[in-house]
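As the structure lists them, so they are numbered: ligands from 1, and atoms in each ligand from 1. Reckoned from all heavy atoms, side chains included, excluding hydrogens, waters and symmetry mates. Note that the structure is predicted; figures quoted are calculated from it, not measured.
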Amino acid sequence: MSAPAFGKVAVLMGGRSAERAVSLKSGERVLAALKAKNIDARAFDPKERGIDALMAERFDRAFIALHGRYGEDGSIQGVLELLGIPYTGSGVLGSALAMDKWRTKLVWQACGVPTPRSELLTKASDFAAVSKRLGLPLMVKPAKEGSSIGMTKLKRASDFAEAYALAANYDGIVIAESYVEGTELTAGVLDNEALPLIRLETPREFYDYEAKYAAADTRYIVPCGLPPDAERAIQDESLRAFRVLGCSGWGRVDLMLDRSGKPYFLEVNTSPGMTDHSLVPMAARHAGISFEDLCVRILGLARTADEAGAHVG
Ligand SMILES: Nc1ncnc2c1ncn2[C@@H]1O[C@H](COP(=O)(O)OP(=O)(O)O)[C@@H](O)[C@H]1O
Ligand SMILES: [Mg+2]
């Protein structure tokens, strides 16, 4: 598609979620990249301006650079559907489903996509019994947060109540999940293909908020070091994990490999970071795709649900 054919493009950034600051960084970079490609792109922050303004601007398409609640959960996707503005990434269903780690796992279990064993927790849960069934350590996490917020790697059953309370601050749904000891990988998805896998290493207990945004000792290894056949198999499985949730366009799938090399899928991010430290741009670069080209490719995949059934996955 040529630059004028994209028309007037809204880069949606900022928003009202806990990840607002990261989204502003992602959005500024996307905006600069699209402008560098002569696309008529304009910043639009849904926290500062309402749906009436979005409508009045008569945008031809929208690049969603929002993260977390209201931006990645189907809400803004629904607004754009109603306004008839083609938008990047997954549709309403895929966005909402991927935002909810518990329901994501239910769909994966139904479809045979491997995911760590887990249980739904309530205040009344018998934490000792859960620890026994899932084994220790285990992860306690809120179902609908990002950036490792509200998560605990639990080593002693006696710390369960505290970990539950922390997660429950962020979401009404809290899960306990078996901990997978092994290698952490992430698979970027672009237009029905998986990008090269990135291996993540941190000396911390797990890839927590610090490791993601602050620590200087987090390592990103790409190529990931797996034999090509093994990498290809995990890329294919990642694509399937993405599609069965109804996700489309682009995104990122997080997973762990256990010591025997078996993958366990953790979650899908439907509007991953696009900052200068972000993983999808890093993987794209290794596939020979510049940041500017990546942004134009993602924008070129913008759809409404009406168009070509593109959001069915
Ligand atoms: N079951 C698990 N086993 C091992 N590590 C896990 C597990 N669940 C989460 N983690 C660690 O916590 C990090 C964040 O978990 P994730 O489910 O991807 O949520 P978020 O939405 O916060 O990124 C992962 O990148 C990984 O390092
Ligand atoms: Mg993650």
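Protein heavy atom nearest atom 11 (C) of ligand 1, with residue, atom name and distance: F206 CD1, 3.7 Å. Of the protein's non-hydrogen atoms, Y179 CE1, 3.5 Å is the one closest to atom 5 (N) of ligand 1. Nearest protein neighbour of atom 13 (C) of ligand 1, counting heavy atoms only, is Y207 O, 3.6 Å. Nearest to atom 3 (N) of ligand 1 among the protein's heavy atoms is V180 N, 2.9 Å. Protein heavy atom at the shortest distance from atom 6 (C) of ligand 1 is M139 CG, 3.9 Å. Of the protein's heavy atoms, M151 CE, 3.3 Å lies nearest to atom 15 (O) of ligand 1.
Within the set M256, M99, K141, E181, the minimum heavy-atom distance to atom 9 (C) of ligand 1 is found for K141. Counting heavy atoms only, E184 comes closest to atom 25 (O) of ligand 1 of the residues K101, K144, R252, E184. Between P116, S148, A98, A143, it is S148 that holds the heavy atom closest to atom 14 (C) of ligand 1. Scanning R117, K153, E267 for the heavy atom closest to atom 16 (P) of ligand 1 points to E267.
If you look at E267 and ask which of its N, O or S atoms sits nearest the Mg ion (ligand 2), the answer is OE2.
The main-chain N or O of L266 is never found under 3.5 Å from a side-chain atom of T115 such that the two would form a donor-acceptor pair.
At a heavy-atom cutoff of 4.0 Å, ligand 1 is contacted by the side chain of K212 but not by its backbone.
A heavy-atom distance below 4.5 Å is not found between the side chains of R61 and F59. You'll find the side chain of R297 reaches within 4.5 Å of the side chain of D191, heavy atoms only. When side chains are defined from C-beta on, L34 counts as touching V296, because their heavy atoms get closer than 4.5 Å.
A cation-pi arrangement is absent between K123 and Y164 under the rule of less than 6.0 angstrom and at most 45 degrees off the ring axis.
For ligand 1, the atoms closer than 4.0 angstrom to any heavy atom of D254 are 18 (O).
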